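Both ligands and their constituent atoms are indexed starting at 1 by order of listing. What you see is a predicted model, and the numbers here were worked out from it, not measured in a lab.
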Amino acid sequence: MTYNEDKKYYGILIHGGIKTKRIRNLNQTETIKISLKKSICDGFNLLKENKSAIDAVEASIISMESSGNFNAGLGSCLTIDKTIEMDASIMNGKDISAGSVGMIKGVINPIKLARYIMEHTNHVMLVSDGAINLAKQLGMFSNQIYINKNKLRIYDKLIRNIKDKGQENDLSSLERHYSQYHDTVGSIAIDKKGNIAAAVSTGGRWLKLSGRIGDAGVVGSGLYADNKLGAACATGHGEYMIRLALCKYACDLMKEKSASFASKKSISLLTKRFGKNTGGIITIDRKGNFGISHNSESMPVALINSKDGKMKLYFSNNKIE
Ligand code: ASP
């Protein structure tokens, strides 16, 4: 798909996080595909009905959070203390309003809370107890148990690996062991009126320290959207995205360049500064062109735009031209 000044499309692009190792389990691949298909249809159907980009990105993220198949919402990973602390944010490119939550617990759809903060408070970011109290007031808090056997199995495996190597006191070694588990979800869209939006949601990183907030809670790092530029959503090592303000960087590039250029250039910066297997990004420019880039083995994505109305799913190998 080439950048075309004369043509505008509406559409939506979502991702299910970078994978630093090849997924060998076919069931797992199939599950991701099914969830991505459902999620993108939830978003695209709204765009077709003339609903806004912000509605579309929220709907697609809700679908992935509720599926339990990603590291977000019901599927969120565990901290080193065996707890769950989620981050999410949403941004409306129409007026660059934004809402985000950090260290949130007991909420199946943190993205709804982030949208509430964006639209009904004077703030951008609420974290921890304050955010949880708001969720309770809004009836979004649930006592559903998110810590299932599978999560405990992964937790035990990661801890065992670290102990076997005698690295339990070396925090940097945690990075090497859990770096393969990235399933954060992100969504960007442009609607029929040309309004652009972005949303992202995550349980963060496996074995993270309690209290850590990653890029998914930080506007400019895990996401950015501005009708005058475009939108971007990142996944991967959140600390690096924060240090580079990666999504704002990608959006600034789209002032002059295409989404595809912006995604490639952003990931090349990430790789230059922090090496491979550190992240991926999806972008959309003002004309509705998409960009996808990552420096990992794969990054499952799904997209549809009004150019042909056909859903496309990619598991790996980068960029759409
Ligand atoms: N970026 C997320 C974080 O650092 C993790 C991910 O993308 O999987 O919290």
Q. Strictly under 4.0 Å, does any heavy atom of Arg212 approach an atom of ligand 1?
A. yes
Q. Which heavy-atom pair separates Ile14 from Ile12 by the least distance, and what is that distance?
A. CG2-CG1, 4.2 Å
Q: Identify, by atom number and element, the atoms of ligand 1 in contact range of Thr235, meaning under 4.0 Å from any of its heavy atoms.
A: 6 (C), 7 (O), 8 (O)
Q) With a cut-off of 4.0 Å, which atoms of ligand 1 are near a heavy atom of Gly204? A) 5 (C), 9 (O)
Q.
Regarding Asp55 and Arg115, does a basic nitrogen lie under 4.0 Å from an acidic carboxylate oxygen?
A. yes
Q) Less than 3.5 Å between some nitrogen or oxygen of Gly214 and one of ligand 1, yes or no? A) no
Q. Think Lys265 forms a cation-pi with Phe261, using NZ or CZ under 6.0 Å from the six-ring centre and within 45 degrees of its axis?
A. no
Q: Before signing off on this row, confirm whether His237 and ligand 1 have an N or O atom pair separated by under 3.5 Å.
A: no
Q. In terms of atom number and element, which parts of ligand 1 are under 4.0 angstrom from non-hydrogen atoms of Arg205?
A. 3 (C), 4 (O), 9 (O)
Q: Have a look at ligand 1 and work out which part of Asp183, if any, has a heavy atom under 4.0 Å from it: side chain, backbone, both or neither.
A: backbone
**Q.** N-O pairing of Glu239 and Arg212 below 4.0 Å
**A.** yes
(Q) Could you check whether any heavy atom of Gly236 sits closer than 4.0 Å to an atom of ligand 1, since that is the contact criterion I want to use? (A) yes
**Q.** Asp156/Arg160 ion pair, N-O < 4.0 Å
**A.** no
Q.
Tell me whether ligand 1 is touched by Asp215 - counting only heavy atoms on the residue side and a distance under 4.0 Å.
A. yes
Q.
Within the 4.0 Å heavy-atom shell around Thr184, which atoms of ligand 1 are there?
A. 2 (C), 5 (C), 6 (C), 7 (O), 8 (O)
Q.
Quick check: Tyr10 with Phe44 (ring centres under 6.0 Å apart)?
A. yes
(Q) Distance alone, cut at 3.5 Å: any donor-acceptor contact between the side chains of Asp87 and Ser100? (A) no
